[in-house]
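No hydrogens, no waters, no symmetry mates; every other heavy atom, side chains included, goes into these values. Counting from 1, the numbers follow the sequence of the chain as shown.
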Amino acid sequence: MCGIVGFVGKQSAAPILLKGLKQLEYRGYDSAGIAVMDADGIRVEKVSGRIARLCEKTENGAAVPGSIGIGHTRWATHGAPTDVNAHPHLSNDGRFAIVHNGIIENYLALREELISDGYVFQSETDTETIVHLLEKYYDGDIKAAVMKTAARLEGSYALGILCADAPDTLYAVREASPLILGIGVGENYFASDVTALVAHTKNVIYLEDGEIAALTPGSIEVYDCTGQRLQKPISRVTWSVEAAEKGGYEHFMLKEIMEQPAAVKAALAPRLHEGEIRLDDFELSEETLRSVSKIVITACGSAYYAGCSGRYAIEKLCHIPVQVELASELRYGEPMVDEHTLVLVISQSGETADTIAALKECRAHGATIIGIVNVVGSTIAKLADHTLYTWAGPEIAVATTKGFTTQLAILYLFALYVGKKLGRVEQAQYAALLRSLKLLPKRLQETIDMNYQIPALAGRYASQSLFFIGRNTDYAVALEGALKMKEISYLHAESYAAGELKHGTIALIDEGQPVIAVCCNEALCDKTLSNIVEVKARGAKVLALAFRGNKKIVSQADDVIFIPQIETVFSAALAVVPLQLLAYYAAREKGCDIDKPKNLAKSVTVE
Ligand code: M6R
């Protein structure tokens, strides 16, 4: 999704902006641009396609002099990904340049109004209305023009603004779209994502909705929407520059798959204390938990599948009914949520627009919200009543891997914590489960180490159409495995609860059809085995996924991927890893752009 960077200081701005934009490439984009200001005014350079083209066009920034500027990567929503629609956009008088993340919902009405006022539009974007509004409301006071403009906008926006009348000041404003200010020495920055800042500074200020910032080389001032000056806390970013780089791997996705043992350890270890689970700085008392009539989990994409898997763990260990809802559906439904509902909102980025809207909907119905989030200081982390960070570190590849397994780790921890508090997990079982959970990082490493044959299997099973099947928690793994395959290798993959095959889908099974059967739930293994036999009888080629030592599977499947033993309730966190690798190698074989799959964005900040 779109990315924003801004710089003001003494150095040449353009190379810094281009470098920042490269750090944001992973978010997904289809055009890029920068605007830099010097004594001659504002100069804009923008191109459709990759940042490399922008670097070429600007001689790596050398052709665009000036030490203050803004940059943008655009993921097209309103208007095709063309040079003209790319940001920054200029006002008709050339005084203002802006970059924008988000969507202006009332842009059509504003556009009509501005056209009747005599403003001329160059692009099809919603963004261009903003820059003309700035010109319209400007009477010598930039902050006042920004405030008046913001008051007219409906929707979401993070804006970076340059004004030719303020040659050493950058302006920024946000509403429902992230923007972070970076504090340097004699220079300051802003960006829509902390990864674009960490190379320059670890000291940041998180801008909140409705706030406006003015940045000069030596100062940062933040105001509320009425123009009152605010004192903002400075936060320290713990991510290192190296953590956001590839570290010798061919792709971020592979690096992040390999980081899973360490990431899950980072998620679990600080919460496990001598046989006890502690949930960071909050506690859910037995009394509070007894008043919970149900748990609703809401999220999008893989985070939703993590929720589907977490549901089995919570229902099994806590005996509380769990409803898992797609955030994009929940936000427009009639959610059966009240003050006795505990809502788990799961999001790697913490900025997914649908998930934020679902959170707000549940909050409006009186529910208590726990966020399970990776990105510190993100919108969901801030809106939730309590946040459990997944501590996965920066996830750059669009396809989530360590983000997903750390979400599972937190859900397992949560299920065990609640189950114990409510006395629904007995001490002996609790101790055994806790031992097993502590071993999860080690078992993840073994899973990675024992699956060296996956590149060869990917060659054999990657085909135009694949089926992923499983039951119970294996079904959640099948859903995530199929999504991974679709999003990075562009192969059609369907996932089915194995018992559903005979209700229609089995009609699609023909000679040679690849079926990936997840069979790690020992209690249901024989049931899934019957489904394997059924599809094989119709010619399917079956690749099964099972615990090491499962002889029955070996006798029925064409190929088997093994994972080490773990308590079944935690098995999804291991079982998903070979499927991530299968998708990765299938995509690599096809020569796909693995870290930046077509049409996708890392953080879906628009609806
Ligand atoms: O940042 P979030 O966890 O809220 O993102 C949710 C989905 O957009 C995300 O999981 C998406 O499905 C991934 N690309 C899957 O790999």
Side-chain angles (χ1 to χ4, degrees), residues 1 3 21-30 32 49-53 73 75 81 193 195 242-263 300-303 305-306 348-349 374 392-407 444 447-448 451-466 468 477 479-493 495 514 516 543 561 576-604:
M1 210 99 314
L21 291 180
K22 280 189 195 145
Q23 296 292 153
L24 297 180
E25 272 195 298
Y26 77 93
R27 294 169 64 102
Y29 71 102
D30 39 44
R50 296 286 156 195
I51 293 167
R53 283 195 62 215
T73 46
W75 188 80
D193 187 324
T195 46
E242 299 72 47
E245 287 174 350
K246 275 190 214 159
Y249 287 96
E250 196 179 340
H251 297 99
F252 278 111
M253 183 178 176
L254 189 59
K255 175 182 177 242
E256 288 159 7
I257 290 173
M258 299 305 172
E259 282 173 349
Q260 290 180 106
C300 298
S302 292
Y305 295 145
Q348 186 285 130
S349 63
N374 190 34
E395 194 179 59
I396 307 293
V398 165
T400 183
T401 51
K402 62 176 181 172
F404 180 81
T405 40
T406 50
Q407 286 162 357
L444 273 163
T447 305
I448 289 170
N451 282 300
Y452 53 85
Q453 81 286 29
I454 290 186
L457 289 172
R460 290 215 288 283
Y461 282 85
S463 88
Q464 265 326 100
S465 159
L466 294 100
F468 287 71
V477 174
L479 287 162
E480 173 60 6
L483 177 61
K484 283 281 98 58
M485 188 61 83
K486 282 181 269 211
E487 71 175 327
I488 60 164
S489 72
Y490 317 143
L491 296 173
H492 176 245
S495 48
I516 319 294
L543 170 61
I561 294 173
V576 75
V577 176
L579 300 189
Q580 296 167 345
L581 287 164
L582 198 69
Y584 173 82
Y585 285 109
R588 190 168 171 270
E589 177 95 8
K590 282 187 71 192
C592 299
D593 192 353
I594 294 182
D595 286 334
K596 299 187 283 289
K598 68 173 186 216
N599 304 336
L600 290 178
K602 180 66 183 163
S603 179
V604 186

With no hydrogens and no angle check, is any side-chain donor or acceptor of [X] less than 3.5 Å from a backbone partner on [Y]?
X	Y	value
Asp193	Gly3	no
Asn374	Gly403	no
Asp595	Phe252	yes

### Task
Determine, step by step, whether Glu256 and Gln580 satisfy the side-chain hydrogen bond (donor to acceptor under 3.5 Å, both in side chains) criterion, reporting the C-alpha distance in whole Å, the side-chain angles of both residues, the deciding distance to 0.1 Å, and the verdict.
CA-CA 10 Å; Glu256 288 159 7; Gln580 296 167 345; over 6 Å; no
Side chain proximity check, [X] to [Y], heavy atoms < 4.5 angstrom:
X	Y	result
Ile516	Leu582	yes
Leu466	His492	no
Lys402	Ile257	no
Pro578	Thr447	yes
Ile51	Glu25	yes
Thr405	Val576	yes

So which heavy atom on [X] is nearest to which on [Y], and how close?
X	Y	answer
Ala458	Tyr585	CB-CB, 3.7 Å
Pro514	Ser463	CG-OG, 3.4 Å
Leu491	Ala462	CD1-CB, 3.8 Å
Lys598	Tyr490	N-OH, 2.9 Å
Phe404	Tyr305	CE1-C, 3.9 Å
Pro261	Ile448	CD-CD1, 3.8 Å

### Query
Does the side chain of Thr401 come under 3.5 Å of the side chain of Gln260 through a donor N or O and an acceptor N or O?
no
[X] [atom1] to [Y] [atom2] distance, which is reported to the nearest 0.5 Å:
X	Y	atom1	atom2	value
Asn451	Ile454	CG	CD1	4.0 Å
Cys592	Tyr584	SG	OH	11.5 Å
Ile561	Leu581	CD1	CG	8.5 Å
Lys602	Thr195	NZ	OG1	11.0 Å
Glu259	Leu444	CD	CG	13.0 Å
Tyr249	Leu254	OH	CG	6.5 Å

### Query
Taking only residues two or more places apart in sequence or in another chain, which ones pass side-chain hydrogen bond (donor to acceptor under 3.5 Å, both in side chains) with Gln407?
none
### Sequence neighbours excluded, every pair satisfying salt bridge (Lys or Arg N to Asp or Glu O under 4.0 Å) that has a member inside residues 481-493
Glu480-Lys484, Lys484-Glu487
### Task
Could you go through the salt bridge (charged side-chain N to carboxylate O under 4.0 Å, His left out) check for Glu250 and Lys255 one step at a time?
CA-CA 8 Å; Glu250 196 179 340; Lys255 175 182 177 242; over 6 Å; no
### Message
Looking at Gln453, I want to see if its CD is surrounded by more than 12 non-hydrogen atoms of other residues, nucleotides or ligands under 6.0 Å.
### Response
yes
